[in-house]
Amino acid sequence: MKRDQSPVLPGDGPTDYARYMRTDELLDLQRRPEEMLHRDELLFQVVHQSAELWLKLAGAELTAAVARTEAADPLAAAALLARATLAVRLVTDQLAMFGHLSPVDFQAMQPALGNGSGAESPGWRQVASVSRQLGRAFAEQLTARGDTLRTLPPGDPAHRLATAMITWDEQVAQWRARHYQVALTVGGHRPDGSPATVLAKLTEHRFFPELRPTRPDTDLAAATHSRAAEA
């Protein structure tokens, strides 16, 4: 006998999949063909909207990692941070879609964007804010233990978290570099203040510079607290 496939979840949609995933709303978030100045607006919106979803996940995982760090559970924090790192890697990989967007086509559709800029992304703003919280939480835990970055043995769970933080930092840096190249190719490098110019200035930024292998003798706690005091 055929199993009844009638939806049992509340909400709109012909199936439980549609109701749980809210596909009707999700697929209605892009501009309709009659609203578009250029057909590649769909490509542009899908890439950016999906990026916001991945960044929402990354922000949630980072927030949980901060909580586990504050609870002196660095192994759990490192695992959560690895999930956030993978989310940003996927955000980075999907930038390859912009290889199909020519500068001429981008210029044609640009009026539809108004004054919008990727710098206004709520997902990236959350990720940046929580990353700074993670740096402070890690430094505070080292201080509470009476340790510094220099005294952490390789097998220590806190060392595992520090390594995960470096990996996160480098993945974000890869995204920035890739995004800069896309902005340069599609939009050009215009005077200071343009998106490409702003991205260029951020390519060397790191959330946790004190963890970089080029500075192995830095006291993490002191460096992070000093930076927080300057902010």
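From a predicted model like this one, the values you see are computed outputs, not experimental measurements.
Residues in residues 89-98 take part in these side chain to side chain donor-acceptor pair (under 3.5 Å) pairs, two or more places apart or across chains: Ser50-Gln94, Thr92-Gln171.
Taken together through direct or relayed side-chain contacts under 4.5 Å among Ile, Leu, Val, Met, Phe, Trp and Tyr, Tyr17 and Tyr20 form part of one hydrophobic cluster. Two different hydrophobic clusters hold Leu90 and Val46 under the rule that ILVMFWY side chains link at heavy-atom gaps under 4.5 Å.
Not less than 6.0 angstrom separates the ring centroid of His179 from the ring centroid of Phe98.
Taking both residues in full, the closest heavy atoms of Ala162 and Leu149 are given as CB-CD1, 4.4 Å, listed atom of the first, atom of the second, then distance. Contact detail for Met165 and Gly135: the closest heavy-atom pair is CE-CA, 4.1 Å. Nearest heavy-atom pair across Gly123 and Leu55 is CA-CB, 3.9 Å. Minimum interatomic distance between Pro154 and His159 (heavy atoms only, all atoms of both residues): O-ND1, 3.5 Å. For the residue pair Met109 and His38, the shortest heavy atom distance occurs at CB-CB, 3.7 Å. Residues Gln107 and Gln110 approach most closely at OE1-OE1, 3.2 Å, considering heavy atoms.
A distance of 8.0 Å separates CG of Leu81 from OG of Ser131, quoted to the nearest 0.5 Å. Met21 CE to Leu9 CG: the interatomic distance, rounded to the nearest 0.5 Å, is 10.5 Å. Note: Arg31 CZ to Leu29 CG = 13.5 Å, rounded to the nearest 0.5 Å. Here CD of Gln49 is found 7.5 Å from CG of Leu26. Values are rounded to the nearest 0.5 Å. Separating the CG atom in Leu57 from the CG atom in Leu62 is a distance of 9.5 Å, to the nearest 0.5 Å. Separation of atoms CG (Leu37) and CG (Leu113) is listed at 9.0 Å; rounding is to 0.5 Å.
Exactly one of Trp168, Trp124, Trp54 qualifies for a ring pair (Phe, Tyr, Trp, His ring centres under 6.0 Å) with Trp175. That residue is Trp124.
Note on ring orientation: taking the six-membered ring where Trp is involved, the planes of Phe44 and Phe106 are tilted (angle from 30° to 60°).
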- Taking it one step at a time, do Glu25 and Asp28 satisfy side chain to side chain contact (heavy atoms under 4.5 Å, CB included)? CA-CA 5 Å; Glu25 296 173 63; Asp28 196 40; 5.8 Å; no
- Task: Show the numbers, then the answer: is there a side chain to side chain contact (heavy atoms under 4.5 Å, CB included) between Gln141 and Leu161?
- Result: CA-CA 11 Å; Gln141 282 301 308; Leu161 177 54; over 6 Å; no
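There is no side-chain donor-acceptor pair under 3.5 Å between Thr15 and Gln5.
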Donor-acceptor contacts under 3.5 Å from residues 69-77 side chains, at least two apart:
{"unit_1": "Thr69", "atom_1": "OG1", "unit_2": "Ala65", "atom_2": "O", "d": "2.8"}
{"unit_1": "Asp73", "atom_1": "OD1", "unit_2": "Ala76", "atom_2": "N", "d": "3.4"}
{"unit_1": "Asp73", "atom_1": "OD2", "unit_2": "Arg68", "atom_2": "NH2", "d": "3.2"}

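Counting only heavy atoms from C-beta outward, the side chains of Thr151 and Arg145 never approach each other to under 4.5 Å.
A salt bridge does not link Arg125 to Glu120: none of the charged nitrogens lies less than 4.0 Å from a carboxylate oxygen.
The salt bridge (charged side-chain N to carboxylate O under 4.0 Å, His left out) test applied to Asp16 returns no partner, not counting sequence neighbours.
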